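Below you'll find the structure, written out as structure tokens, and then a few comments.
In what follows, chains are A, B, ... by sequence order, proteins preceding strands, each numbered from 1. Because the structure is predicted, anything quoted here is derived from the model rather than measured.
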Amino acid sequence: MENLDQPSNSFPEDILKEIRTMAGWMQFVGIISIIGSVLGVLGNFSGMANGAGANALLGILMQGFAIYIAVILIQKSTHFRNFSANSDGEALLQAMKSTHMYWMLSLVMIAINIAMNILMANMR
Amino acid sequence: MENFETLDTGGSTGQISSEHRDSFREAGKYMKIYTIVMFVAFGLLVLGLLLFFAAGGSNIYQAAMRELDSQQRAVLEILWPMISIIAIVLPVFMIVFFIAFLRLNRSASALSAASFTGDMNDFRSAMANMRMYWMIVGIGVIAAIVFGIFIAIRMASIISQYQ
């Protein structure tokens, strides 16, 4: 059985290649998410100027949070890329920590979205 | 089994330490929870779409027209062709993203397995499925942008006709 617990530079090239491709797609999705969220913030600012008030402010906070998550995604892709470039164990550890952080914050974002929707439905 | 013992006692001989294994486990756990939440959301969305199609698009349109005032009717009249297109395209997107989340789920399982077994094949499977997930999401995002531009152009032409 091939085992992860092997001497350094032991990661097979096919895995590193997969990770390189994955990092590219991750970065793409991260950049698109940031662009979308920045547009969302601008939209909410214009809403605020037109008197949307608290709703627009909440929207800006949510989009800010989404930007933060997208930045973590880009960081994650950078760590994976570093790992694929030189099989660095520390980069893999950082990538996995970013992965954990990214999915945890995504779940928090979903929970906040649900809570906000319920709150707004009750306010109407 | 010797390999497991070596790893469990923290005696890593290479790059993968027990800290790595913990990070695999944690990442796998949150990925798994995320996919479960997404599957529930998908289920609700499918239910909504099934209700939409079961009721029949034209029936919903006529019922809405009866309930709305004249101003709201005008808005619905403009928006309805777009809603119909979205209702047709949405299931396609849903199928694509469902496949993506299946991949993520497999990746999460493989990552958790790798944290316990230390097997390179589990790690390979985790990375391959994760790559597929991000690739499908990336292509989905490109398709969504193209579809959004298409809808915006259609909307602009319809609004200009009304003006």
Measure the [atom1]-[atom2] distance between [X] and [Y] for me, rounded to the nearest 0.5 Å.
| X | Y | atom1 | atom2 | result |
| --- | --- | --- | --- | --- |
| Y30(B) | M101(A) | OH | CE | 10.5 Å |
| M22(A) | M130(B) | CE | CE | 5.5 Å |
| E26(B) | M96(A) | CD | CE | 12.5 Å |
| K97(A) | H20(B) | NZ | NE2 | 9.0 Å |
| M127(B) | L92(A) | CE | CG | 7.0 Å |
| M31(B) | Y102(A) | CE | OH | 11.0 Å |

same_hphob_cluster([X], [Y]) at 4.5 Å side-chain heavy-atom cutoff:
| X | Y | result |
| --- | --- | --- |
| V71(A) | W25(A) | no |
| L79(B) | I153(B) | yes |
| I112(A) | M38(B) | yes |
| F65(A) | F45(A) | no |
| V40(B) | V37(B) | no |

Contacting region of L105(A) [heavy-atom separation from chain B under 4.5 Å]: neither

L93(A), part contacting chain B, at a heavy-atom distance under 4.5 Å: both

Y68(A) atom OH: more than 12 heavy-atom contacts under 6.0 Å: no

F28(A) side chain reached by I142(B) side chain, heavy atoms, under 4.5 Å: yes

Heavy-atom side-chain contact between F11(A) and M120(B) under 4.5 Å: yes

Largest heavy-atom contact set with chain A, pairs under 4.5 Å, which of D22(B), D122(B), I139(B): I139(B)

Region of I36(B) that comes under 4.5 Å of a non-hydrogen atom in chain A: neither

Residue, of I15(A), I32(A), I110(A), V29(A), that accumulates the most heavy atom pairs under 4.5 Å with chain B: I15(A)

Parallel, tilted or perpendicular, as decided by the 30° and 60° cut-offs, for the rings of F83(A) and F123(B): perpendicular

